[in-house]
There are 2 protein chains.
Amino acid sequence: MSEASIAILKFHNLRITDCRVHVVKHFLEGNGVYSQRDLENKYRQYDRVTIYRTLNNLLQAGVLHRIPNESGMATYGLFDQSSTSKHRFDNHIHFKCNRCGQIECLDDREVPQVSVPKGYSVERVNLIIDGTCPSCT
Amino acid sequence: MSEASIAILKFHNLRITDCRVHVVKHFLEGNGVYSQRDLENKYRQYDRVTIYRTLNNLLQAGVLHRIPNESGMATYGLFDQSSTSKHRFDNHIHFKCNRCGQIECLDDREVPQVSVPKGYSVERVNLIIDGTCPSCT
DNA sequence: ATCTAAAAGCAACAATGTTGCATTTATGTA
DNA sequence: TACATAAATGCAACATTGTTGCTTTTAGAT
């Protein structure tokens with residue numbers, strides 16, 4: 001799994017450091033969405049600023065994207081690395097379970113066509129679905 | 001405009017206080033979406049904790065809803081007061097202009113039907129559209 | 001006009017976001 | 001392999017936001 005992390009980092013011309021490998025690995029291993037806090041708790045060996053900057057770097061490099069959420073805490077998810085579609089950068093569907101709080105990327109789903117009022121142009125569409133996930137049903 | 005604010009507060013069995021009237025009025029007058037900071041800046045006569053609690057109260061009463069966003073700062077919008085549909089509580093479309101940063105509620109738009117994988121149940125759908133608004137085109 | 005529960009204001013603290021700077025480290029090159 | 005250097009880390013520090021407790025003030029019922 002470290003192999004994959006390293007490959008991703010190299011692909012994006014990012015230096016291979018412990019923190020980055022761990023963070024990318026964490027996203028690769030779970031299909032989920034994580035906040036800075038999640039990573040701080042998991043990897044206490046790194047300073048929170050380092051994790052903060054690591055997330056920002058990965059964000060800027062296009063490895064991660066930020067998930068819109070209501071809680072007022074930034075959360076991050078991995079871009080679907082397998083997809084080569086241009087649209088992988090544009091459209092996202094996230095599912096948030098109201099019981100366990102877990103957020104998942106539903107990357108295989110197509111974002112439905114959306115109509116907007118005249119004069120508006122659409123660049124990106126984010127869909128956040130609330131409900132109950134299979135494990136909590 | 002204060003009339004409308006007061007009517008809304010009464011309808012929700014909330015006491016009529018200066019701060020609440022001002023905050024609701026602010027949301028009524030703009031079609032937009034505001035953060036706590038926006039309101040603090042506008043209404044410096046109120047303590048930020050008062051505004052914080054006012055927003056929470058309005059949220060709980062169902063006057064406002066929180067808008068999912070990527071920035072990591074809670075933002076609020078007014079529920080469409082005219083709609084009586086059950087779905088007004090469930091589905092939202094927001095448009096964020098990448099140039100001016102303004103967020104608008106597109107309450108008149110229907111949220112498209114979304115399909116989720118087997119085992120997931122949908123309670124609410126939030127759609128966040130990024131792009132360019134008419135004034136910035 | 002009075003009473004009381006609710007709201008506001010204030011202080012305080014936790015969590016998060018963010019920057020500067022000194023130290024350490026990854027990586028290209030000799 | 002060793003070296004040089006730009007980049008990343010760790011630490012301190014500070015700003016902003018989220019949150020709670022407590023005292024004072026006030027809206028609204030009587």
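Worth knowing before you read on, the calculation uses all heavy atoms, side chains too, and leaves out hydrogens, waters and symmetry mates.
Between A/Leu14 atom CG and D/dA6 atom P the separation is 19 Å, expressed in whole Å. One interatomic measurement links the two molecules: NE2 of B/His22 to C1' of C/dA7, which rounds to 16 Å at whole-angstrom precision. Rounded to whole Å, the distance from CZ on B/Arg66 to P on D/dT17 is 15 Å. Between A/Leu58 atom CG and D/dA8 atom P the separation is 11 Å, expressed in whole Å. Straight-line distance from the CD1 atom of B/Ile6 to the C1' atom of D/dG28: 14 Å, rounded to whole Å. For B/Arg15 and C/dA5, the CZ to P distance is 10 Å, given to the nearest whole Å. Between B/Gln60 atom CD and C/dA6 atom C1' there is a gap of 14 Å when expressed in whole angstrom units. Here the P atom of nucleotide C/dT19 and the CG atom of A/Asn57 are 13 Å apart, to the nearest Å.
In plain terms, the two heavy atoms of A/Ser5 and A/Val21 that are nearest each other are OG-O, 3.6 Å. Minimum heavy-atom separation, B/Leu64 to B/Tyr76: CD1-CB, 4.2 Å.
Rounded to the nearest 0.5 Å, atoms OG1 (A/Thr132) and CZ (A/Arg99) are 4.5 Å apart.
Annotation: of the two residues near DNA chain C, B/Ser71 and B/Asp18, the 5′-most nearest-nucleotide partner is B/Asp18. Of the residues near DNA chain D, A/Asn13 and B/Asn56, the one whose nearest nucleotide (by heavy atom distance) lies more toward the 5' end is A/Asn13.
Between B/His92 and B/Phe79, the ring planes are tilted. Angles from 30° to 60° get that label.
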Q: Could you please spell out the steps behind the salt bridge (charged side-chain N to carboxylate O under 4.0 Å, His left out) verdict for A/Glu29 and A/Lys25?
A: CA-CA 6 Å; A/Glu29 282 169 358; A/Lys25 202 154 76 95; 3.8 Å; yes

**Q.** Derivation and outcome, side-chain contact (heavy atoms from CB on, under 4.5 Å), residues A/Tyr46 and A/His22
**A.** CA-CA 10 Å; A/Tyr46 306 116; A/His22 272 130; 2.7 Å; yes

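Across D/dG28, D/dT17, C/dT27, the shortest atom-to-atom separation from the side chain of B/Met73 is found for D/dT17.
Within a 6.0 Å radius of CD in A/Gln113, other residues, nucleotides and ligands contribute 12 heavy atoms or fewer.
Contact check, A/Thr17 against C/dT25: no side-chain N or O comes under 4.0 Å of OP1 or OP2.
Within residues 32-48 of chain B, the residues having any heavy atom under 4.0 Å from DNA chain D are, by residue number, B/Gln36, B/Arg37, B/Arg48.
Put simply, the side chain of B/His12 gets close to the backbone of B/Ala61: a donor and an acceptor are under 3.5 Å apart.
Note on B/Arg124 versus A/Glu70: salt bridge recorded, some NZ/NE/NH1/NH2 to OD/OE distance being below 4.0 Å.
Across all strands shown, B/Thr50 has heavy atoms under 4.0 Å from base atoms, whether or not it also approaches the sugar-phosphate.
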If you restrict it to nitrogen or oxygen atoms, what contacts under 3.5 Å exist between nucleotides 20-23 of chain D and the protein, and what is each distance?
unit_1	atom_1	unit_2	atom_2	d
D/dG21	O6	B/Arg53	NH2	2.7

